[in-house]
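What follows is a short report on a single structure.
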Amino acid sequence: IFGPSHRCPSLVHSGAKRRARGGGEMAGKCFTLVAVTGLLICGSLNTIMLKLSFIVKGTNLEGQRENFQKPWLITFAMFVAMTLALFFDRELFRRRGAAPDTGMKAALIDSSPGQAPNGMTWKKKVQMVGIPAVFDILATGMCSMGFLYIPASVWQLLRGAEMIFAAIFAVIFLRRRLYGFHWIGVFLCVLGIACVGLASVWGSAAAADTDEHVEPEDPKLLLLGMALALGGQVVQAAQVIAEEWLLKEVDLPGLQIVGFEGLWGGLIMLFLVFPLLYVLPGDDHGHFENELDALAMIKSSGCLAVVITVYTFSCMTYNMAGIAVTGALSAVHRVMLEAFRTSLIWIFGLSVHYIFDPNSPLGEAWTPYSWMEVAGFILVMFGQAVYGEMLKVPGLWYPTYDADERLLASPGAIRNFASPLPRQGS
């Protein structure tokens, strides 16, 4: 009856709205896919660039060529990367009322539903963000020091220990309750990390015996590296607890949370940590770490400067991508992304050793105990899945929850792909 030029206006308007809504949903899905891809690529690149920075040579203040083993300066680069997020936050410059509820501007830790505003000023909120930065300095510094002595894949797998310590701290300090499935998940992670540690120590000696290109590593240094990495996870778990406890009322946009934590961390390192490292005795030309020597090495080596620059911008992209998909990532997504990230790093190490250069410190050899490391990796992933209720154990009781899991996540947990803290159920 109606020709092309006589369509009902209401039908035309309805169709246009549907097409616009469909286009918006498609754009949102594409944006999430790009952000998740950025998380995976930049997360893997962060680890690889961190390891690469420790083996690139530069000329020190004494005119000698040596490896750039400056873990605390690399920690400072991470805080610079976090600070750069502030330049992408339009709300910081416009300062309009309350922040929106979704997207990159949304608060990473929202107040509990129905909770009254606390009247905290914007300046006070920014100051509160500085407290978790202290934890982040110590955690990242310890993990970076441990990375000097252990392979990249082992270092990445040991990050799963954060869930164990966060669960214990949640019981002690947040008065959260752990159920049977939580303890099973924690036990699987402990068992998996033990397998990874043993495989690393035993495999190093076995690889040196079977592969002439592999130099034997000191088991004491391997154990020291793993101890430092695990100690860093203890502090990182404490940071998650501190953020959960302190930042519930700090309803700043996500970019400001990460950016100001980076700003506070950088300032603390410049005016407190670096002078302390210079005064303390150590193996870095009589200092625990000499940052003037580090700057001389960076100035002398273009390759080193490029590596640190790539690491900094990769960390920035990683943080921003993580904030962008905060609401879109479930616990399943986080565990899967962490599994893919660990797999990519391990594949990269094996490829370097067997395809490109068997003598490269970036490479990792396959040893008779590598299967134990694979088993440890699987146990850690299963432990996180059981702990996060993605895999349910038959016969165990599971509580019901009133609050959304996203409301109980912290910036530290999201940024490090940690499993969520145990939720309060009924």
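One-based numbering along the sequence shown. For the numbers below, each heavy atom of this structure counts, side chains included, while hydrogens, waters and symmetry mates do not. Since this is a predicted model, take the numbers as computed values, not measurements.
- Judged by distance alone, the side chains of Glu338 and Gln384 never bring a donor and an acceptor atom under 3.5 Å apart.
- Judged by distance alone, the side chain of Ser360 and the main-chain N or O of Phe356 form no donor-acceptor pair under 3.5 Å.
- For Phe79, there are no ring-ring contact (aromatic ring centres under 6.0 Å, His included) partners, not counting sequence neighbours.
- Under the 30°/60° scheme for interplanar angles, the aromatic rings of Trp346 and Phe377 are found to stand perpendicular.
- Of the inter-residue distances, the one linking Cys143 atom SG with Met78 atom CE reads 10.0 Å to the nearest 0.5 angstrom.
- In this structure, the side chains of Ser153 and Thr342 stay at 4.5 Å or more apart for every pair of heavy atoms.
- With 3.5 Å as the limit, one finds no donor-acceptor pair spanning the side chains of Trp122 and Gln127.
- Taking the side chain as every heavy atom from C-beta outward, Val56 and Asn67 never approach each other to under 4.5 Å.
- Between Tyr318 and Ile41 the shortest side-chain heavy-atom distance does not fall below 4.5 Å.
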Next on the checklist: Apply side-chain contact (heavy atoms from CB on, under 4.5 Å) to residues Trp245 and Phe173 and explain how you reach the verdict.
Outcome noted: CA-CA 9 Å; Trp245 180 48; Phe173 298 106; over 6 Å; no

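- Asn46 places a side-chain N or O within donor-acceptor distance of the main-chain N or O of Cys42, the cut-off being under 3.5 Å.
- Residues that satisfy the side-chain contact (heavy atoms from CB on, under 4.5 Å) test with His287, not counting sequence neighbours, are Tyr278, Asn290.
- For the atom pair CG (Leu344) and CG (Leu45), the distance works out to 11.0 Å, reported to the nearest 0.5 Å.
- Distance alone, capped at 3.5 Å, places no donor-acceptor pair between the Ser301 side chain and the Gly58 backbone.
- A cation-pi arrangement is not found for Lys57 relative to Phe68, the charged atom failing to lie both closer than 6.0 Å to the ring centre and inside a 45° cone about the ring normal.
- Remark: Leu84 CG to Cys315 SG distance equals 10.5 Å, nearest 0.5 Å.
- Leu223 contributes atom CG, which lies 8.5 Å from atom OG of Ser200 (distance to the nearest 0.5 angstrom).
- Aromatic ring centres of Trp397 and Tyr179 lie closer together than 6.0 Å.
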Item to check | Ile184/Leu396 under side-chain contact (heavy atoms from CB on, under 4.5 Å): CA gap, chis, key distance, verdict | outcome: CA-CA 11 Å; Ile184 292 176; Leu396 294 182; 3.5 Å; yes

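- Taking the side-chain hydrogen bond (donor to acceptor under 3.5 Å, both in side chains) definition, one finds that Asp284 meets it with Lys70, sequence neighbours left out.
- Side chains of His353 and Trp366 form no contact here, defined as non-hydrogen atoms less than 4.5 Å apart.
- Within the 4.5 Å cutoff, no side-chain heavy atoms of Trp183 are placed close to those of Tyr387.
- Note: Leu255 CG to Leu86 CG = 8.0 Å, rounded to the nearest 0.5 Å.
- With sequence neighbours left out, Phe382 forms a ring-ring contact (aromatic ring centres under 6.0 Å, His included) with no residue at all.
- Side chains of Val126 and Trp264 form a contact here, defined as non-hydrogen atoms less than 4.5 Å apart.
- Nearest heavy atom pair, residue Leu188 against residue Gly383, reads CB-CA, 3.7 Å.
- Side-chain atoms of Gln239 and Glu261 include a donor-acceptor pair closer than 3.5 Å.
- For residues 353-376, no residue pair satisfies the salt bridge (charged side-chain N to carboxylate O under 4.0 Å, His left out) rule, not counting sequence neighbours.
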Item to check | Ser370 vs Thr367, side chain to side chain donor-acceptor pair (under 3.5 Å): CA-CA, chis, key distance, verdict | outcome: CA-CA 5 Å; Ser370 292; Thr367 73; 3.3 Å; yes

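- Going from atom SG of Cys195 over to atom CG of Leu379 covers 5.5 Å, rounded to the nearest 0.5 Å.
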Checklist entry - Should His182 and Glu389 be marked as a side chain to side chain donor-acceptor pair (under 3.5 Å) after you check the CA-CA gap, both sets of side-chain angles, and the distance that decides it? => result CA-CA 8 Å; His182 286 134; Glu389 302 178 52; 4.7 Å; no

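- The minimum heavy-atom distance linking Val201 with Pro219 is given by the pair CG1-CB, 4.3 Å.
- Minimum heavy-atom separation, Trp72 to Met142: CH2-N, 4.4 Å.
- A search for side-chain contact (heavy atoms from CB on, under 4.5 Å) contacts involving Ser53 returns Leu50, Ile74, Val307, not counting sequence neighbours.
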Item to check | Verdict with reasoning, Arg159 to Gln233, per side-chain contact (heavy atoms from CB on, under 4.5 Å) | outcome: CA-CA 6 Å; Arg159 290 165 60 90; Gln233 297 311 303; 4.0 Å; yes

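- The shortest side-chain heavy-atom distance between Ile150 and Leu158 falls under the 4.5 Å cut-off.
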Item to check | CA sep, side-chain torsions, deciding dist, call: Ile168, Met163, side-chain contact (heavy atoms from CB on, under 4.5 Å) | outcome: CA-CA 9 Å; Ile168 296 172; Met163 185 202 78; over 6 Å; no

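- Of all the heavy atoms in Leu252 and Ile257, the pair that sits closest is O-CG1, 3.9 Å.
- The shortest non-hydrogen separation linking Gly43 to Arg341 is O-NE, 3.2 Å.
- Counting heavy atoms from C-beta outward, Tyr369 and Ser204 have side chains that stay 4.5 Å or more apart.
- The shortest non-hydrogen separation linking Leu73 to Ile298 is CD2-CD1, 3.6 Å.
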